[in-house]
Each structure stands twice: as C-alpha cells, then as structure tokens.
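Keep in mind that what you see is a predicted model, and the values were worked out from it rather than measured.
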Amino acid sequence: MAGVLAKRHAVETLCLIGAEASAERYALMLRHLKANDLIAEASTTIRTFHGAIWTHDGEVQFPDSNVEDMGPAVTAHGSKTDYRGRRVTTLSTPCVRLSTLCEGAGLIDFLHIDVQGSELDIIREEVEWLGKNVRAMMVATHSRVIEGSVMNLLGDLGWVL
C-alpha cells in the first residue's frame, strides 16, 4: 500500500523492501507487486527476501502452514506446538536482522513490522539502528503486553505515538 500511495503522490525515488517467511505468502507478495505495477525501474528499487526477520542473521524455524493461517510465528528452535497450542511441523528458514535487510537503503520513511509476536524482541535488538535510520513505524503487535512494552521502550527513547 505504501508503494502504491508513493507512486500516486509522485514520490521521485522509491525503495520497497519486503520479507516473508511463508512460501505461499512470499509468492502472494510478488504477485501484489506486479498487480500494482510496482516494478524495479530507474526511480524504483524493489528488494524482497523469502525468509524471516529475526534478532540475528542465519536460520530459524518457521511452521509449514497454508496461506489461510494468519498466525504462524518464527521460533529459534523447532517445536511440535506453536504459541497458540496448535500442532505444527517447522522448517528451517533463513532469517535476517532488519538492519541487514535494509542495508544500503538510506533513511527509511516508513517501516511496517508484523512478526507474529516477536515485535518487542526485534525492536529491542535493533532499537539503536531504528533510531538512526527510521522516521516512522507501524508496529502490528499481537498482545497488549507486547504493545505496552514496545510503547514504553520506544517512548523512553523519544519516539512519539
């Protein structure tokens, strides 16, 4: 959506970076880019990553689930049940830090984070980088506890809600 709005408002230079751990959702992200005419060209950079955002670069475990399941979450170690108590089979999945994914992008005007319950861990790990490189964020939290903790952490550092 941010890319579509930027193009409608004639933003001169656009850099869109997206990550998705689910194979089906990653394919869907690529289809959405194409359907919305968001393609790499002289003034537009598109960078996608088929993997997870995490607190380190390397590998994590991600549930093998279908696209209708809106709740799969990355874990550092495989488990037979997820945070919701559902039985899952996990797959080894590449992961990167936000700072690694966005390396070379310059100042980021808008960052949307939705990582199924790991928002606080990722923000805490990247808080210094975020303060230097990101102007605005939308953080989709998955519990009131995480929401309050993210608000406290960022508020204490001068971010404005």
Side-chain angles (χ1 to χ4, degrees), residues 1-6 9 11 13-26 28-29 32-33 38 45-65 67 69-86 88 90-161:
M1 177 57 88
V4 170
L5 291 173
H9 291 280
V11 169
T13 304
L14 179 61
C15 178
L16 299 172
I17 301 171
E20 177 55 60
S22 159
E24 287 182 279
R25 282 203 184 84
Y26 180 77
L28 187 58
M29 176 174 59
H32 278 284
L33 288 167
L38 294 167
T45 301
I46 307 276
R47 189 183 320 162
T48 62
F49 175 66
H50 182 196
I53 301 302
W54 201 245
T55 59
H56 67 274
D57 297 332
E59 289 188 346
V60 288
Q61 297 297 307
F62 187 75
D64 183 19
S65 63
V67 73
D69 183 357
M70 298 300 287
V74 171
T75 61
H77 308 288
S79 174
K80 296 201 182 303
T81 57
D82 69 9
Y83 68 99
R84 302 169 294 183
R86 293 184 182 179
V88 294
T90 59
L91 305 170
S92 183
T93 303
C95 67
V96 293
R97 295 167 53 99
L98 274 171
S99 55
T100 301
L101 180 68
C102 298
E103 192 170 348
L107 187 61
I108 297 166
D109 292 313
F110 178 73
L111 175 68
H112 175 207
I113 300 174
D114 185 351
V115 287
Q116 299 308 113
S118 298
E119 297 82 14
L120 180 60
D121 295 334
I122 290 167
I123 290 171
R124 186 182 292 132
E125 188 67 30
E126 294 277 31
V127 74
E128 186 176 330
W129 177 84
L130 290 165
K132 293 177 182 175
N133 294 283
V134 176
R135 288 184 179 169
M137 284 188 287
M138 181 178 115
V139 182
T141 58
H142 292 269
S143 80
R144 290 294 189 192
V145 172
I146 294 171
E147 179 181 351
S149 297
V150 167
M151 289 171 58
N152 287 335
L153 173 63
L154 294 175
D156 289 347
L157 295 170
W159 287 79
V160 177
L161 180 64

Subject >> Heavy-atom check, side chain of T45 versus side chain of L16, under 4.5 Å >> reply: no

Original post:
Taking all non-hydrogen atoms of both residues, which atom of L38 and which atom of I46 are closest, and how far apart?
Top reply: O-CD1, 3.8 Å

Original post:
When rounded to the nearest 0.5 angstrom, what is the spacing between CD in E128 and OG in S99?
Top reply: 10.5 Å

Subject >> pair V134-W159: side-chain heavy atoms closer than 4.5 Å >> reply: yes

**OP:** With rounding to the nearest 0.5 Å, note down the distance linking CG in L130 to CD1 in I113.
**Re:** 6.0 Å

Original post:
Within the side chain of R47, is there an N or O that forms a donor-acceptor pair under 3.5 Å with the backbone of L101?
Top reply: yes

**OP:** Please list, chain by chain and in numerical order, all residues satisfying salt bridge (charged side-chain N to carboxylate O under 4.0 Å, His left out) with R124, sequence neighbours excluded.
**Re:** D121

Subject >> Heavy-atom closest pair, residues H112 and A140 >> reply: NE2-CB, 4.2 Å

**OP:** Give a yes or no on whether the backbone of R25 and the side-chain of E20 come within a donor-acceptor separation of less than 3.5 Å.
**Re:** no

Subject >> Approximate separation, where rounding is to 0.5 Å, of Q116 CD and I146 CD1 >> reply: 10.0 Å

Original post:
Under a 4.5 Å cut-off applied to non-hydrogen side-chain atoms, are H32 and L28 in contact?
Top reply: yes

**OP:** Write down the atom of A105, the atom of I17, and the distance for their closest heavy-atom approach.
**Re:** CB-CD1, 3.8 Å

Subject >> Distance (rounded to the nearest 0.5 Å) between E126 CD and I122 CD1 >> reply: 8.5 Å

Original post:
So which heavy atom on G3 is nearest to which on L14, and how close?
Top reply: O-CD2, 3.9 Å

Subject >> Polar contact flag, side-chain donor to acceptor under 3.5 angstrom, T141-E119 >> reply: no

Subject >> Separation of D114 CG from M138 CE (nearest 0.5 Å) >> reply: 7.0 Å

**OP:** For the residue pair L111 and L98, establish whether any side-chain heavy-atom pair is separated by less than 4.5 Å.
**Re:** yes

**OP:** Write down the atom of I53, the atom of A19, and the distance for their closest heavy-atom approach.
**Re:** CD1-CB, 3.7 Å

**OP:** Using atom types as modelled and distance alone, determine if a side-chain donor or acceptor of R97 lies under 3.5 Å from a backbone N or O of T55.
**Re:** yes

Original post:
Any side-chain heavy atom of H50 sitting closer than 4.5 Å to one from P94?
Top reply: no

Original post:
Roughly how far, to the nearest 0.5 Å, is SG of C95 from CG of D57?
Top reply: 7.0 Å

**OP:** Measure the shortest side-chain to side-chain distance between C102 and N133 over non-hydrogen atoms and say whether it is less than 4.5 angstrom.
**Re:** no

